[in-house]
Amino acid sequence: MEFRHKDLLGIADLEPEEIRLILDTAASFKEISVRPIKKVPTLRGKMMMTVFYEPSTRTRTSFEIAAKRLSADTQSLTVAASSVTKGETLADTAHNLEAMKPDVLVIRHPASGAPHFLAQRLKCGVINAGDGLHEHPTQALLDLLTVQEAKGRLDGLKIAIIGDIAHSRVARSNIYGFTKMGSQVTVAGPATLLPPYLETLGATVTTSLLEAVTGADVIIMLRLQLERMGQGFISTLREYRDYFGLAPRHLHLAKDDVIIMHPGPLNRGVEISPEVADGPNSLILEQVTNGVAVRMAVLYFLIGGEKG
Ligand code: NCD
């Protein structure tokens with residue numbers, strides 16, 4: 001099995017075998033991060049550039065760490081301090097960055113489709129680190145790896161994804177990922193945050209958190225993407241928490257060995273109670289650890305190996 005893509009734009013574009021290949025490779029890379037010397041020469045002489053038009057804690061940092069663990073050079077553009085503020089277009093910015101000869105550009109952008117637009121125009125690889133409310137493929141891959149490690153499989157599981165589905169690129173990438181790997185996804189949220197096409201993606205849809213978590217093997221909680229929504233989607237945060245916040249009382253409805261995940265950033269006390277976020281079923285920090293390994297694998301397939 002080979003990975004033939006120039007870019008990683010979305011989970012929708014990947015075959016299950018390609019997802020499996022990335023996860024297996026990521027699992028084998030995990031060990032590098034606990035060595036006394038956390039570095040291998042695999043991508044020496046290669047360069048990764050990150051261009052984030054939206055804030056990020058985990059994604060950008062873990063891409064940079066992933067590149068460094070594989071000995072690639074890294075350069076990040078701080079958009080707020082760049083000529084983007086002087087009116088430079090996305091295409092012009094990207095062509096100028098490409099003129100400095102990176103091997104791969106990692107981009108996060110508020111517009112859905114921005115990485116796809118660049119992938120068509122640039123010779124270097126493009127990785128989507130989150131485009132608007134569309135996809136966030138490396139988040140789904142790290143979520144898949146976390147579930148695979150905890151459950152020993154990715155098929156036949158009941159996955160509940162709860163919260164602001166409408167504005168969540170994580171939800172969309174995870175629906176693609178988990179259904180492609182043979183699990184069954186139920187999404188739950190207020191009706192205003194459930195777009196009409198979810199069933200066509202293969203998900204079961206409900207407005208009841210209780211229904212979604214009943215019998216679940218995995219519960220993935222999502223943040224309200226207040227920065228992407230206008231008025232009128234929810235009444236008050238308190239009411240949202242009462243109906244869609246995950247609390248200890250909900251866990252007994254799920255499987256005994258249910259795992260709780262969240263892509264971060266958490267809004268503690270809104271979509272997830274601190275007791276659950278920090279409790280024994282939570283794998284939230286393991287997701288972050290796996291983020292480095294998955295991004296190492298993605299970089300390896302896009303700019304390493306025989307393509308290098
Ligand atoms: C997510 C994102 O940016 O889409 N965060 C992440 O990458 N870990 C989710 C969010 O912002 O709520």
Side-chain angles (χ1 to χ4, degrees), residues 8-12 26 50-67 76 79-80 106-116 126-147 159-178 187-190 193-195 218-229 233-234 237 240-241 244-246 259-272 276-277 282-296 298-299:
L8 177 65
L9 302 177
I11 299 293
T50 61
V51 189
F52 276 54
Y53 285 76
E54 285 187 356
S56 168
T57 298
R58 282 148 287 266
T59 305
R60 179 160 134 179
T61 314
S62 65
F63 264 111
E64 290 182 5
I65 292 170
S76 46
V79 170
V106 180
I107 177 161
R108 169 170 286 188
H109 199 281
S112 302
H116 307 65
V126 175
I127 299 176
N128 179 3
D131 63 325
L133 40 81
H134 178 224
E135 277 229 44
H136 190 352
T138 56
Q139 178 69 44
L141 291 167
L142 74 87
D143 289 343
L144 288 165
L145 179 60
T146 305
V147 172
I159 316 286
I161 306 179
I162 296 163
D164 180 359
I165 310 296
H167 300 97
S168 173
R169 50 202 180 201
V170 176
R172 236 163 308 282
S173 288
N174 268 332
I175 293 171
Y176 286 126
F178 283 104
V187 295
L193 295 174
L194 293 169
V218 178
I219 302 174
I220 301 176
M221 300 306 296
L222 300 172
R223 181 178 69 87
L224 284 168
Q225 307 264 309
L226 295 171
E227 72 276 25
R228 291 187 217 289
M229 60 171 92
F233 284 95
I234 57 163
L237 279 182
Y240 181 83
R241 181 197 62 203
F244 295 101
L246 192 68
I259 58 170
I260 310 300
M261 300 181 11
H262 190 306
L266 304 184
N267 282 159
R268 285 173 177 268
V270 182
E271 73 275 9
I272 191 163
V276 176
S282 170
L283 289 183
I284 294 173
L285 294 178
E286 192 56 31
Q287 289 174 268
V288 180
T289 300
N290 283 339
V292 174
V294 149
R295 290 171 178 123
M296 287 168 76
V298 167
L299 290 171

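These numbers were taken from a predicted model, which means no experiment stands behind them. Numbering of ligands and ligand atoms starts at 1, following listing order.
Each of the atoms 10 (C), 11 (O), 12 (O) of ligand 1 lies under 4.0 Å from some heavy atom of P265. Each of the atoms 6 (C), 7 (O) of ligand 1 lies under 4.0 Å from some heavy atom of T59.
The shortest N/O to N/O separation between H136 and ligand 1 falls below 3.5 Å. In terms of N/O distances under 3.5 Å, ligand 1 is approached by R223. Checking only distances, G264 does come within under 3.5 Å of ligand 1, N or O to N or O.
Atom 10 (C) of ligand 1 has Q225 NE2, 3.1 Å as its closest protein atom, hydrogens excluded (heavy atom only). Ranking the protein heavy atoms by distance from atom 4 (O) of ligand 1 puts R169 NE, 2.7 Å first. Atom 8 (N) of ligand 1 has as its closest protein heavy atom P263 O, 2.8 Å.
For the side chain to side chain contact (heavy atoms under 4.5 Å, CB included) criterion with V106, the lone passing option out of T59, T138, I127 is I127.
Atom CG of L222 sits about 11.5 Å away from atom CG of L266, to the nearest 0.5 Å. Taken to the nearest 0.5 Å, the CD atom of Q287 stands 8.0 Å off from the CD1 atom of I259. Note that CZ of R241 and CD1 of I234 are 11.5 Å apart. Values are rounded to the nearest 0.5 Å.
With a heavy-atom cut-off of 4.0 Å, L222 does not touch ligand 1 at all. The side chain of R108, and not its backbone, has at least one atom closer than 4.0 Å to an atom of ligand 1 (non-hydrogen atoms only; side chain from C-beta on).
H262 and R223 form no side-chain donor-acceptor contact under 3.5 Å, judged by distance and modelled atom types alone.
Using cut-offs of 30° and 60° for the angle between ring planes, the H134 and H116 rings count as tilted.
Contact record, S112 with G132: OG-CA, 3.8 Å, taken as the closest heavy-atom pair.
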